[in-house]
Amino acid sequence: MDGARPLVPETVRPTVRLDAPVADQGLQAPGQHLDQVSVVMKFGGSSVANAERLREVASIVCSFPDHLPCVVLSAMGKTTNLLLQAGEVALHTPAGEVGALAPLAAIRDLHLATAAELGVDAQAVRGVETLLTQLEQLLVGISIMQDLTHRARDSLVSFGERLSTRLFAAYLRAQGVPARQHDAFDIGVITTDVFTSAEVDYEASLPALREALRLPGSGGPRPLPIVTGFLGRGRGSGAITTLGRGGSDLTCTLLGAALGLPEVQVWKDVDGVLTSDPRIIPAARPVAQLTFEEATELAFFGATVLHPQAMQPAQEVGGMGVRVKNSYNRLAPGTLISAERDMADALCTAIVLKSNVTMVDISSTRMLGQYGFLARVFDVFARQKLSVDVVATSEISVSLTLDPARTLWERDLIEDELEGLMAAFAGIAKASYRRGMSIICLICNVQRTSTILERVFNVLGREAVNVQMMSQGASKTNISLIVRDGEAPRAVAALHAEFFE
Ligand SMILES: Nc1ncnc2c1ncn2[C@@H]1O[C@H](COP(=O)(O)OP(=O)(O)O)[C@@H](O)[C@H]1O
Ligand SMILES: N[C@@H](CC(=O)OP(=O)(O)O)C(=O)O
């Protein structure tokens, strides 16, 4: 971003309390006394899974009467996965049979049933039907072409958010709450043309979004903008792009940054960011506060609760907080993520597990301390387009781990690529790799490393878990331990018990 030119309005509106919604008072249009949007609220797939959940989301949105929210929605429930499945199956289905494909039928049934249950008007139902027809046509195209490019994949998954936002805006209007649906790719979310994991072009997007979301002049109702998460428009291709799985979190913070807001909220199905993944550690509990760096490390090392790039807009503009809330338990305080927090009492904040990681060991075959050894090693990774997660070095050797996700869509590093990597090292270094490793990442106060590591190694010793490699991040927020996949859940459980239970 260009540091010289302010990309956000210089004044931000005063903060009215956003930590506590008022009790459910029925659907009164919120924030109608305000000139402009004062908060962005994002609701993920689990929060908008069916008609009942959409009613609940409407109730939450209206429970902050002093705020005029812009609402960002993900696709309903598992719709994105169903769309991807439909694309894969269409590849092997005759064009004439595509209309009857099971995932397409499931998507059609869910959205038409939700429209009926929510009692939206006939025009809105027609809008949903039109999109469903276009979706079927795209699938027929995939079947005829026998090709599912990343570009087509992005167009395909875009239907999830385009449907959910239209239904929700229509429901609000039917309840007397003014609302207007927007497709993010039409209002200025401009991205690179890297389909399926595009990056936001902030220079182009921030001013465009600010302009597009400006509400009409005074007098008359103030429509709540309802915006598709996850989607953008490629700056060169002009085609629909996506921001990577879970990308609606990033849409939310991007809109907040564009509007210069003091706070945005991401509503999930858990009481905030938790001390560990609740699917592995049922005793995980909410973390009250995190810094942007901590939240980014946590997401990068595999906590699916936040998109790894979601903190970037908040960090760039400064002064904007990101609150993680539970749409199933609206009174839970959630987690507030901001630039700074008091670390005086912080020891270990969260434990994240990333499995199915490959570890590579490389040692120099030449003289000790050979000049440029590390540069040559990383040059090989750059040429192979492989991103490295964790690194530990000595003078003549380096161990590192490879991200299992080349993009967030394709989770497996292919064996051929690893063999290619080994071949690329021939003559420079001795290289070997081990698959089936896990990174256990402790988000912690590394000012207190000695205390933390003493406790960590006591626990792992007791559990007979052998650490294969370790690294302390320069970001001063994490310590990473590499262990075998089979030992990792046991190690995480024991470490969680040690630090949190
Ligand atoms: N450290 C963590 N804290 C909270 N949730 C986590 C954590 N690690 C993994 N998760 C998982 O992330 C889920 C929420 O993320 P996600 O499903 O992407 O939300 P949404 O679709 O609502 O945006 C939780 O249900 C939980 O299973
Ligand atoms: N629907 C997209 C984008 C997204 O952000 O979803 P969720 O908020 O449910 O993680 C996905 O499934 O990846």
I need the minimum non-hydrogen distance between [X] and [Y], along with the two atoms involved.
X    : Y    : value
V72  : G229 : CG1-CA, 3.6 Å
L68  : P30  : CG-O, 4.2 Å
R323 : E263 : NE-OE2, 2.6 Å
N445 : I452 : O-CD1, 3.4 Å
S47  : W267 : OG-O, 3.5 Å
T191 : G232 : CG2-CA, 4.1 Å

What's the separation between atom [atom1] in [X] and atom [atom2] in [Y], rounded to the nearest 0.5 Å?
X    : Y    : atom1 : atom2 : result
C348 : H496 : SG    : NE2   : 8.5 Å
T242 : H150 : OG1   : NE2   : 9.5 Å
R448 : L347 : CZ    : CG    : 5.0 Å
S155 : F195 : OG    : CZ    : 7.5 Å
I443 : S276 : CD1   : OG    : 10.5 Å
L261 : M320 : CG    : CE    : 7.5 Å

So, are [X] and [Y] salt-bridged, with charged N and O less than 4.0 Å apart?
X    : Y    : value
E56  : R53  : no
R285 : E501 : no
R153 : E88  : yes

Assess the side chains of [X] and [Y]: does a donor N or O sit below 3.5 Å from an acceptor N or O?
X    : Y    : answer
S480 : N478 : yes
R279 : T304 : yes
H67  : S38  : yes
D154 : T241 : no
N50  : R55  : no
R330 : S59  : yes

Could you tell me whether the side chain of [X] and the main chain of [Y] form a donor-acceptor pair under 3.5 Å?
X    : Y    : value
T192 : E199 : yes
E161 : L231 : no
K268 : V324 : no
Q36  : L215 : yes
K42  : Q265 : no
H307 : T251 : no
D271 : A332 : no

Got [X] and [Y] here, is their nearest side-chain heavy-atom distance under 4.5 Å?
X    : Y    : value
V39  : V264 : no
T80  : L82  : no
E294 : E297 : no
V446 : Q472 : yes
V157 : I240 : no
C441 : I479 : no
L110 : T79  : yes
L112 : L132 : yes

Please assess V322 against T253 for the test side chain to side chain contact (heavy atoms under 4.5 Å, CB included), listing each intermediate value before the final yes or no. CA-CA 8 Å; V322 179; T253 52; 3.9 Å; yes
Check this for me: E52, atom CD, are more than 12 non-hydrogen atoms of other residues, nucleotides or ligands nearer than 6.0 Å?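 No, CD of E52 has 12 or fewer neighbouring heavy atoms, counting only those of other groups under 6.0 Å.
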Determine, stepwise, if the pair E316 / Y202 fulfils side chain to side chain contact (heavy atoms under 4.5 Å, CB included). CA-CA 10 Å; E316 295 281 358; Y202 289 97; 5.6 Å; no
Listed once per pair and sorted, the side chain to side chain donor-acceptor pair (under 3.5 Å) pairs that draw on residues 110-134, sequence neighbours left out: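 Qualifying pairs: none.
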Suppose the criterion is side chain to side chain donor-acceptor pair (under 3.5 Å): which pairs have a residue in residues 163-190, not counting sequence neighbours?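 For residues 163-190, and leaving out neighbouring residues, the side chain to side chain donor-acceptor pair (under 3.5 Å) pairs sorted by first residue read T165-Q181, R166-D183, Q181-D183, D186-R233.
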Report the C-alpha separation of F168 and V48 in whole Å, then their side-chain angles, then the decisive distance to 0.1 Å, and conclude whether the side chain to side chain contact (heavy atoms under 4.5 Å, CB included) test is met. CA-CA 9 Å; F168 185 64; V48 297; over 6 Å; no
Could you check T451 against E454 for side chain to side chain contact (heavy atoms under 4.5 Å, CB included), going step by step and ending with a plain yes or no? CA-CA 5 Å; T451 316; E454 186 190 345; 5.5 Å; no
Consider side-chain contact (heavy atoms from CB on, under 4.5 Å). Of I280, I440, I281, which one does I351 pass it with?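 Of the listed residues I280, I440, I281, the side-chain contact (heavy atoms from CB on, under 4.5 Å) partner of I351 is I440.
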Charged tip of R462 within 45° of F457 ring normal and under 6.0 Å: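 No, a cation-pi geometry is absent between R462 and F457.
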Would K354 count as a cation-pi partner of F300, with NZ or CZ less than 6.0 Å from the six-membered ring centre and within 45° of the ring normal?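 Yes - K354 lies over the ring of F300, closer than 6.0 Å to its centre and within 45° of its axis.
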